[in-house]
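Scope of the values below: all heavy atoms of this structure, side chains included, with no hydrogens, waters or symmetry mates. Chain naming here is simple, since letters A, B, ... match the order of the sequence lines and numbering starts at 1 in each.
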Amino acid sequence: MIESPEQRGESPIPEHGSGGGARRRGGGVSRLLIWYGELTTQRRLSLRGVAFILVPMAWLVGFLILPSAALVAVGFAERGAYGEIRWSFTLENFRRLLGFGLFDWSADYLWILGRSVWVALVTTVFAVVVSYPLAFFIASRPPRRRYLWLALVVIPFCTNMVIRTYAWMLLFSQHMPFARLAHLLGLIRAETSLYPSVWAVYVGMVSSFLPFATLPLYTSVERLDWSIVEAAEDLYASKRRIFFQAILPQTFPGLTVAVILTFIPAMGVFVVPDMLGGAKTMLVGNLIQQQFGASRDWPFGAAVSLALMVLTLAGLFWLRRRGEGAEWV
Amino acid sequence: MDRPSAESASPAADRLRKGFASGLRFLKSFPADHNLRPATADSIVAGMATFAETRSALCVEGVCKSFGEVQVLTDIGFEVSSGEFVTLLGPSGCGKTTLLRILAGLELADRGRVMLDGREMTGIPANRRPVNTVFQNYALFPHLSVRENIAFGLRSRRFSESAVAERVGVALQILQMESLVGRYPHQLSGGQKQRVALARALVNEPELLLLDEPMSALDAKLRAEVQIELRRLQRRLGKTFILVTHDQDEAMTVSDRVLVMSDGRIVQSGTPAEVYERPVSRFVAEFLGSANLISGSRVNGHVETIHGPLSVSGSPGWSRGTLAIRPERIRVCSRRPGMNGVSARVREVIYRGDHMDLFVEPGALRVRTAPRADLRAGATIWLALEPEYLVPLSD
């Protein structure tokens, strides 16, 4: 876009001394860039800054802050006789979660919470243990092939979780090789499928969250400073000591991210345990889904959600405090 | 390492071999229990010093190394005596770091042998060699404090807590770092990091200390100080040091002997003065400082050059070739000198404070002289290229 000198004369840009000459030469695009990049006054800049963050702010308010506030509000409300929300302030939902039910104290809900934490932990441990060597394997491939391997890790992730879980159901059904092998090993009776079972849930969850653990670990491993490993070798360290003193500490940042990224979604998951776990392995995700679905008890569902959020955030804070202890990260 | 015994030819030879083997075992027993060296290590080391003098501490024979198609090292062979400070000097990519890594055991040679105190080291991995390295970027353990970094090697070898404390204490004291023990590597300056890396290696009392461009991360002024410090430290400890550098000043400052490397070969070996004053090739002459290269052909006892006939001390081994002379060895005279006088016109004068660089015609000679007011561009002067400073090069 070429402009006439007259148009340029009416430039909305205030002229600031010597810079003006150079500025006049630009076309439309460069004028825009000049406007964008020109450091005028602090006030103008901060106004511009506000304008820039307005959209994300609105997004956050609309889709994070308001719903969270609603969740808190509903969590302290009551369920009406027909499943409607009756606005009041009551701690009844939390009492119920802690086991003080209509009849007697029962630990059912606490068990569900505890089991969820346990299943999420086991899933995380498995995902990390599988990812760690996998990350080293990928990072040690020639650069071109590395992306192929990474793609192989990520591709299953592009499939819908429900479909993937169905695939596991198929694989674990009674006539498939896995079930037959388990039967041959004397693990299950003949003509039974491998699901529903806790192990099927673990397999499904680990496979679902593997990329969350593999990718951060891979970036960590790829950036590994091998001279530190060599220094350990030079200083008489055994293989074991080399791993624990020179390799593992360097991957702590990636490990932390892997744990967080696996643990949080694993806490909230409901599709996998629902399909592969059966009634015995109800997790907090299923409980919440049930409250908002079949039971039509939104206030209790909100209360459980809040409890889950608090638990997860507490875990995150704990992890962060530990991370702060290690200043070198 | 014991060689598999050959079929004995006679009982006498057998006895001889047995006697030799037991003697060797006795000698080997000192450095072999490296891990369990008693508190009186110094006395043993002192006792062995006389023995070490007669033999080289490090002996490298016919080492070759290639990475894929690229031949990095070709038939490297040299010896280092105990307590010597040797520098591997060469431009980047000449293979000096690879050679150092082979000595450290971090890389294996394709061919050739590495012997340390008479013991075969060729196939022994880094963590079982009595050799320690100061890495180029120091490679300190980021999650360990200065104290734990220094103690790392001792802990690897399961020294007792009191022995670790004592040795680390001594190392900290020698390198004047007592105040830094609790810090982490990211809280240290470049110079401090370097000292920690040095302490971390020296605390293990290695028989051989390898330094891989340890000063490349320091600024020029600090580097000059550290070089002298390093030199003094090495003298004080009496250890064998091998330093890799591309900085000829550094090599000159610290070493007893310089091995100049180019394209995977050692092209010259000698004291700093020898390699500087008597370079064997164009490469050495130009890599160490600057040199005037004068080509000419041998006629009777002289070398005929564009500056006229020049006498050379000793006869060059070629009929047509190159002579080298250092700019500071060319003397500026007011009258015609008795020998090898060259008349020249000053083309350019560069004043450098403590000296002056003259570019003269003909032949684009470069002359370094003390600053003088009378030397200006256009002046005609006499230069003396004295025979003992004219070095015939091999190429």
Side-chain angles (χ1 to χ4, degrees), chain A residues 128 131-132 135-136 139-146 216-260 318-329, chain B residues 34-35 68 97 100-101 103-107 124-146 148-159 182-188 193 196-197 199-206 208-213:
Chain A
V128 167
S131 292
Y132 210 84
F136 273 87
S140 61
R141 295 309 96 191
R144 254 164 200 279
R145 231 153 328 136
R146 252 179 245 173
L217 276 173
Y218 164 76
T219 43
S220 222
V221 170
E222 202 201 11
R223 279 183 305 178
L224 213 63
D225 182 353
W226 287 99
S227 68
I228 288 173
V229 178
E230 288 185 340
E233 219 173 314
D234 187 64
L235 294 164
Y236 316 104
S238 59
K239 291 239 155 63
R240 199 187 138 84
R241 193 163 154 78
I242 289 172
F243 177 75
F244 283 107
Q245 292 294 329
I247 295 176
L248 192 64
Q250 286 198 66
T251 57
F252 270 154
L255 214 53
T256 312
V257 176
V259 166
I260 291 172
W318 178 76
L319 217 68
R320 232 188 101 177
R321 292 233 355 230
R322 292 220 29 193
E324 273 167 12
E327 289 170 53
W328 47 272
V329 174
Chain B
H34 186 71
N35 296 350
T97 295
L100 198 79
R101 290 171 58 82
L103 299 182
L106 295 168
E107 208 87 64
I124 298 193
N127 55 4
R128 302 222 316 270
R129 285 194 192 196
V131 172
N132 290 109
T133 310
V134 175
F135 290 85
Q136 185 166 14
N137 54 1
Y138 313 131
L140 300 178
F141 301 108
H143 63 294
L144 296 179
S145 66
V146 166
E148 284 308 306
N149 260 287
I150 296 173
F152 194 92
L154 302 175
R155 292 207 196 282
S156 294
R157 292 188 291 160
R158 302 180 193 284
F159 271 61
R183 298 230 190 136
Y184 282 84
H186 71 98
Q187 297 167 319
L188 300 176
K193 276 185 196 166
V196 174
R200 186 177 69 169
L202 284 173
V203 77
N204 301 294
E205 300 197 347
L208 177 63
L209 184 76
L210 306 174
L211 302 111
D212 186 4
E213 308 219 10

Is B:L210 in contact with chain A via its backbone, its side chain, both, or neither, using a 4.5 Å heavy-atom distance? neither
Which bit of B:R101 comes within less than 4.5 Å of chain A, counting heavy atoms only: side chain, backbone, both or neither? side chain
Can you check side chain to side chain contact (heavy atoms under 4.5 Å, CB included) on B:R200 and B:Y138, steps first, answer last? CA-CA 10 Å; B:R200 186 177 69 169; B:Y138 313 131; 6.0 Å; no
Honestly, the part of B:F135 sitting under 4.5 Å from a heavy atom of chain A is side chain
Is there a donor-acceptor pair closer than 3.5 Å between any side-chain N or O of B:Q187 and the backbone N or O of B:Y184? yes
Sort out for me which residue in B:V131, B:N127, B:T133 forms a side chain to side chain contact (heavy atoms under 4.5 Å, CB included) with B:R129. B:V131
Check each atom of A:D225 against the heavy atoms of chain B and say whether the ones under 4.5 Å are side chain, backbone, both or neither. side chain
Step-by-step side chain to side chain donor-acceptor pair (under 3.5 Å) determination, B:H143 to A:Q245: CA-CA 9 Å; B:H143 63 294; A:Q245 292 294 329; 3.3 Å; yes
